[in-house]
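Written out below as structure tokens is the structure these notes cover.
Hydrogens, waters and symmetry mates play no part in the numbers below; they use all other heavy atoms, side chains included. If you're wondering where the values come from, they're calculated on a predicted model, not measured in any experiment. Chain identifiers are assigned alphabetically (A, B, ...) following the order of the sequence lines, protein sequences preceding nucleic acid strands; residue numbering begins at 1 within each chain.
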Amino acid sequence: MDKKSQIPEYDFKEIEPKWQKYWEDEKLHQPDMDKAKKPFYNLMMFPYPSAEGLHIGGVSTFTGVDTFGRLKKMQGYDVFEPIGLDGFGIHSENYAMKIGEHIKDVSARTEKNFYRQLASIGNMYDWSKTVETYKPEYYKWTQWLFLQMYKKGLAYQKKAKVNWCPSCKTVLSDEQVIQGKCERCDSEVQKKELKQWFFKITEYAEKLLKNLDWIDWPEDVKTNQRNWIGKSTGAIIEFPISNFQFPNKFKIQNSKFKIRVFTTRPDTLFGATYMVVAPEHWLISNFQFPISNSNEVHEYVKKALAKSEQERKAEEGVKTGVEIKGLKAVNPATGEEIPVWVADYVLTDYGTGAIMAVPGHDERDWEFAQKYGLEIRKVVCPLDKDARYKKQGTNKSQITNHKDGFYNNECFSGEGVAVSSGFLDGLETFEAKEKMIEWLEENGHGERSTDYKLRDWCISRQRYWGPPIPVVWCKNCAKPKALLIHGFEADGESNWFLSLKKQLEEQGFEVFNPSMPKSEHPELENWLEALQPYLDKLNENSIIVGHSLGSKAALHLLGKTHKKVSKLFLVASAIGNPKRNWDNVREKMPGADVESLQKFWQAEIDWESVNQSVDSSYIILSKDDPVIDPEHYKVAKLKDKKIEIWEGFKHFSKKRVPELEKYILENSEDLPKKTKNEKAPVPVSEKDLPVELPDMEDFLPEGKGKGPLAKNEEFVKTKCPVCGAEAQRETDVSDPFVDSSWYFFRYPSTEFTDKPFDGERTHKWLPVDSYIGGKEHTVLHLLYSRFITMVLNDLGHIDFDEPYKRFFGHGLITKDGAKMSKSKGNVVNPDEMIEKHGADTTRLYLRFLGDFEQGGDWRDSGVEGMSRFVKKLWHTFFEISGEGQGVKKDYMIDRTIKLIGEDIERLSFNTAVARYMEFVNWVRDNKDNFNREQALKVKKTLALTLAPMAPHLAEEFWSSLGGQKSIFTEKWPEYNPVNIQSDEIELVIQVNGKVRDKFQADAEISEEEAKKKALESEKIQKYLAGKEPKKVIYVKEKLVNIVI
RNA sequence: GCCCGGGUGGUGGAAUUGGUAGACACGAGGGACUUAAAAUCCCUUGGGAUUAAAUCCUGUGCGGGUUCGAUUCCCGCCCCGGGCACCA
């Protein structure tokens, strides 16, 4: 009988669904989340599927990740490979608007289609744990995340100029603006000022940067992130303003009257010949300086601020500016007065919004100085390589005197040696920087400083399709509050507190004047605990008044919170030490617990945190205070403080101190006025989550800066979770990047409805073992999810601070060398491919067409070729007879196992397929020669090594060999390294590095013998022509190279 | 302008630490089978010289360098792709 006729035809349409169903029925790919012994979290980046369906590039990624995961499974790991989708966002919403359907319907269809397509490619997903961002059971926890951020002071609102797309009618992130145009619709982006919610990612800039040093990621991805964070180190330098008459009513030196600049080159301070401030700088906008050309300046500023992004771009390199006349700044190094300019090449949101211009050594300043005829000073002498070389051991003056080092009419922004720079002369740039910073700090002109390019993350979106930000706006809670904190041996009704309370209430404040526990034995911890509930009630328009030790308590309170208040009044403040020493206090107050007082009084304060929590502070002291030394206000490191030193008030201990009460009232009366129509943000409480996105027929944006939710009265109207008053819901939804910044925490814990993720599960499965995704997300998504992980770690929810152990960025799939796009009509449809060639063939071709990391090029002829190969493989497999005499050399089996395993491990899929093809070719050549034993081994190898790449086919082969269970319950085969080594090797003979001859030799051949044999070769003799070789080089198992 | 990738046959792409460049495919050409075509199988295939076989020259974007030997390392440049862009 004809042998061929017994072989079944390769029918993938029967095979593939059969095995997919089997895997699902057997729950083969659902690891036991709690008992797994070797957990391996194999994750791909959260897909954002388009309504049009899966792209072949997506299939490439998903099946690539799966191939890796299947190898891991065969290596004995409990592989968890989840799938879900990121469905919220503008992209889907715009599409729904375009086709005139409701976003909910479109999303439901997209989801169904997406999962159908994914199921057809045969990946080992755990379908019992899917996650969709737009389901309330998911976004409930996205909102929870927001609340955590809010609690930590990492979510805040600020008015910001944002990119506004007039067509999408929403705010865009900087990253979504491509050359001044909207990434999605290409319309020109405008600037609009809106109040937006931000996440304070800048607070984690340093940590985000530092961890890059140890995480196992590709270097290029790390470099991208480093550049994005953009750290630069240098100094803040203060330039006092001179030639300026302070208005009389300001008696106290105010730090605002210095222009602060940030520079990375403090060593060039001696070359700073003018200053430039940004158009938004306070010097112009906040204060009425007597600018003599005020009109001119303001006109320039107005024009500059009105410029669109587009115009700024177009003008780049063409610098304009106006001198601010009537005032000068003083260069602290030279003591000289220098002019101050305003120009829009200085950016307001980097550094301090002002620069010292060093035209000799900064290209931009150079250009500006050339244009406006400003003085240019050379203070760094270039040091060429020879000079640097010479410098070692020679004396420095030789180089510094070498002024010809300057190129006459050029700006030099490199590093070199400081000249004409006083005490820096002769120092190389790196030394000069250090010395200058030391000098600045010693003389109070500045300090070491670091700046980052990273900006806070704007998460507000004025759209419908996203999770509502869980905040309520309450008018009642916006009412200014006052917290009065009494001192030692007093209570909430002591001294002038009651009188002040009454007046503050009349003015519109809600006043709290609690009594502290045991004021005669004050303990800081107890006081802070007692104060906490009141602090929670305060808002940004609140004041805190602390008397004596109470003012110390106020500082501690603010030093330990992220909460913001407006004003802080410190009366007879217990900072510094008491006027007399502690023994005197003890003597004077024999009955008091001075020990606890002293401990409280002297505790360290976190001034930086206080300064972040309070806008302005007032210190009121009396010269004749018996306890408080009026000089000790100097100890207070408050950034914006007013100091009042009065006389005749002693320790401000009377029942009424009208002057003091008046002072406090006058200085806080602006708050009730200001907040008359304001609303305060109040976070929704966790138990009320989720804030559900309401069903809305009309979900189109209004286009006035508010989202569509603002149109839904029922949604907006609510009760304040704190005071119960009538309130309004926030109508912004959050950025989809928030959804995708934490989804990997949810996958292992999807069945928990009472928490975002379970502690033990998370501990077991995270961090993610292998994360694979597109390189286009190396900056934003990866940075955001790292940030969120760090915050969750700091909040104690998790015990690690990096989410992904390993990241791998894959490349893009092109079609015939061109990017696939709908408009070009060259998009490869995976459904068609699977229909025509089957999932396995499609998978194999995707593995083969190029390097996974670089990307690859899809060619229809290529997939045809792969289809032929698969058929050939099918027939070869069934044609192996096992009735031959046995083949002598069967090292191909071991070699194949070794190479394919290694290749898949390092995601070098294309070579893995090539190795497999070589194996198949070898099997085909020998198919009639294998003996029974060899035939079985060959067939097993064919099935097992194919399994990660073409799982259905491998299962079919395996079951034909009598396998009762899935091939994926089998171990990845072992190989014997000894079998791979051949006894005979081929040695190459080179003459001067060129191949001239080859010979077979024993693998164990000695160096001497190899050289001897090489020299004996006839062909080599010809080259030698009787002469002796100069040198003979032997490389073990490779070659002999003869030099003549 | 700056920072990352990359440049290898007609094409996609191999070459793990410097050691036989072009694995594995696609395409093309030739042949077998066939009335013919498809499918399948076999052979050839970087370029060039010359030939009967052999052999030689040349060759990894360009120009230099290091080395016995360079696709690989160093210096200078060109081109393509991606990102950033007045970041002090």
Side-chain angles (χ1 to χ4, degrees), chain A residues 174-175 178-179 218-224 226-228 230-232 234 261-265 268 276 312-313 315-319 343-347 349-358 361-365 367-368 413 451-455 775-776 778-779 809 811-812 814 816-817 819 845 848-851 853-866 868-869 871-872 875 902-903 906 908 910-918 921 986-998 1019 1022 1029-1044:
Chain A
D174 285 343
E175 303 76 53
I178 310 295
Q179 291 182 329
E219 267 321 304
D220 57 331
V221 175
K222 291 198 201 182
T223 307
N224 263 339
R226 285 194 186 101
N227 291 345
W228 188 262
K231 178 178 182 170
S232 30
V261 303
F262 173 72
T263 176
T264 55
R265 291 293 299 270
T268 61
V276 189
R312 276 212 182 192
K313 282 266 140 66
E315 281 174 23
E316 188 177 307
V318 186
K319 295 180 178 45
D344 66 1
Y345 81 89
V346 172
L347 308 172
D349 57 358
Y350 185 77
T352 59
I355 60 157
M356 64 178 210
V358 185
H361 305 284
D362 181 286
E363 302 280 355
R364 295 152 302 181
D365 299 342
E367 197 191 315
F368 194 75
S413 59
D451 230 302
Y452 301 88
K453 280 200 251 183
L454 186 69
R455 289 289 107 88
K775 286 180 178 163
E776 66 274 24
T778 51
V779 180
L812 216 74
T814 53
D816 300 317
K819 238 185 201 172
Y845 180 57
F848 185 61
L849 56 69
D851 182 79
E853 186 169 12
Q854 300 291 331
D857 193 42
W858 178 283
R859 287 182 191 235
D860 289 337
S861 60
V863 73
E864 300 284 346
M866 185 56 76
R868 280 202 294 273
F869 169 77
K871 279 178 202 147
K872 194 165 83 177
H875 284 106
E902 287 171 358
D903 283 351
R906 62 187 169 97
S908 177
N910 54 343
T911 54
V913 177
R915 296 291 93 84
Y916 192 78
M917 286 172 162
E918 283 172 12
N921 288 341
E986 187 188 63
L987 279 178
V988 163
I989 312 173
Q990 293 183 332
V991 176
N992 290 341
K994 281 186 177 141
V995 182
R996 296 302 177 187
D997 201 6
K998 297 165 186 183
K1019 285 177 193 165
K1022 206 172 73 193
K1030 261 193 208 161
K1031 203 170 166 188
V1032 180
I1033 290 145
Y1034 172 69
V1035 181
K1036 198 166 180 267
E1037 289 173 13
K1038 291 259 157 76
L1039 52 79
V1040 179
N1041 187 12
I1042 296 155
V1043 188
I1044 53 174

(request) Toss me the dot-bracket line for RNA chain B: Watson-Crick and G-U wobble, both under 3.5 Å, 5' to 3', using | for pairs to another strand and [ ] for crossers. (result) (((((((..(((......[....)))((((((.......))))))((((.....))))..(((((..]....))))))))))))....
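- The side chain of A/R859 places no N or O atom within less than 4.0 Å of a non-bridging phosphate oxygen (OP1 or OP2) of B/G27.
- For A/D851, taking side-chain heavy atoms from C-beta onward, the closest of the listed nucleotides B/G27, B/A14, B/A88 is B/A14.
- Across all strands, A/F848 comes closer than 4.0 Å to base atoms (heavy-atom distances).
- Base orientation for B/G83: anti, the chi torsion being more than 90° from 0.
- One can place OH of A/Y345 at 21 Å from P of B/G1, the figure rounded to the nearest angstrom.
- Residue contacts for A/V1035: at a heavy-atom cut-off of 4.0 Å it reaches a base atom on one of the strands shown.
- Separating the C1' atom of B/U34 from that of B/U45 is a span of 26 Å, rounded to the nearest Å.
- For the P atom pair drawn from B/G7 and B/G13, the interatomic distance equals 10 Å after rounding to whole Å.
- For A/K1038 and A/M917, each mapped to the nucleotide of RNA chain B holding its nearest heavy atom, the one lying further toward the 5' end belongs to A/K1038.
- Here the side chain of A/D451 pairs no donor or acceptor atom with the backbone of A/S232 at under 3.5 angstrom.
- Within the 4.0 Å cut-off from OP1 or OP2 of B/G27, at least one side-chain nitrogen or oxygen of A/R868 is found.
- Taking atom P on both nucleotides, B/G9 is separated from B/U71 by 14 Å, rounded to a whole Å.
- Comparing the C1' positions of B/U16 and B/A88 gives a spacing of 44 Å, expressed to the nearest Å.
- Rounded to whole Å, the C1' atom of B/G18 lies 12 Å from the corresponding atom of B/U66.
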Return a table of donor-acceptor pairs under 3.5 angstrom between the side chains of residues 991-998 of chain A and protein atoms on other chains or two or more places apart.
from   : atom 1 : to      : atom 2 : distance (Å)
A/N992 : OD1    : A/I1044 : N      : 3.0
A/R996 : NE     : A/Y1023 : OH     : 3.4
A/R996 : NH1    : A/Y1023 : OH     : 3.1
A/D997 : OD2    : A/S1017 : OG     : 2.8

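- When distances run from any side-chain atom of A/S861 to the nucleotides B/C24, B/C26, B/G12, the shortest one goes to B/C26.
- At a threshold of 4.0 angstrom between heavy atoms, the contacts of A/S232 are confined to the sugar-phosphate backbone, with no base atom among them.
- The residue A/V346 sits close to a base: some heavy atom pair falls under 4.0 Å.
- Distances were taken from every side-chain heavy atom of A/R906 (C-beta onward) to each of B/G12, B/G19, B/U16; the shortest belongs to B/U16.
- Using modelled atom types, one side-chain atom of A/Y845 and one backbone atom of A/R859 make a donor-acceptor pair closer than 3.5 Å.
- Residue contacts for A/I355: at a heavy-atom cut-off of 4.0 Å it reaches a base atom on one of the strands shown.
- Taking 3.5 Å as the limit, the base of B/U20 and the side chain of A/K998 contain a donor-acceptor pair of atoms between them.
- When the nucleotides B/G13, B/G12, B/A88 are ranked by their closest atom to the side chain of A/L347, B/A88 comes out on top.
- Taking the P atom of each, B/U58 and B/A53 are spaced 22 Å apart, rounded to whole Å.
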Between the protein and nucleotides 3-10 of chain B, which nitrogen or oxygen pairs come in under 3.5 angstrom?
from : atom 1 : to     : atom 2 : distance (Å)
B/C3 : O2'    : A/N227 : ND2    : 3.0

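- The gap from the C1' atom of B/G81 to that of B/C86 amounts to 26 Å, rounded to the nearest Å.
- Comparing atom distances between the A/V995 side chain and each of B/C86, B/G19, B/U20 picks out B/U20 as nearest.
- Nearer to the 5' terminus of RNA chain B, by closest-nucleotide assignment, is the contact made by A/N1041 (compared with the other of A/N1041 and A/G230).
- A donor-acceptor pair is defined here as one N or O able to donate and one able to accept, closer than 3.5 Å; such a pair exists between the side chain of A/T814 and the backbone of A/G856.
- The nucleotide whose nearest atom lies closest to any side-chain atom of A/D857 is, among B/G12, B/G82, B/C84, B/G12.
- Nearest heavy atoms, A/G809 versus A/K775: O-CE, 3.4 Å.
- A/R265 places no side-chain N or O within donor-acceptor distance of the main-chain N or O of A/H361, the cut-off being under 3.5 Å.
- Residue A/N921 is in sugar-phosphate contact alone, with no base atom involved, counting any heavy-atom pair closer than 4.0 Å across all strands shown.
- Between A/Y345 and A/F368, the ring-plane angle classifies as tilted under the 30° and 60° cut-offs.
- Within 4.0 Å of A/R226, counting heavy atoms only, lies no atom of the nucleic acid at all.
- A donor and an acceptor atom sit less than 3.5 Å apart, one in the side chain of A/K319 and one in the base of B/C86.
- When every heavy atom of A/I355 is checked against every heavy atom of A/V261, the shortest pair comes out as C-CG1, 3.5 Å.
- Between B/C78 and B/G27, the distance separating the two C1' atoms is 30 Å to the nearest Å.
- Side-chain proximity of A/E986 to the nucleotides B/U20, B/A25, B/G19 is greatest for B/U20.
- Applying the 3.5 Å distance criterion, the base of B/G19 shares a donor-acceptor pair with the side chain of A/Q990.
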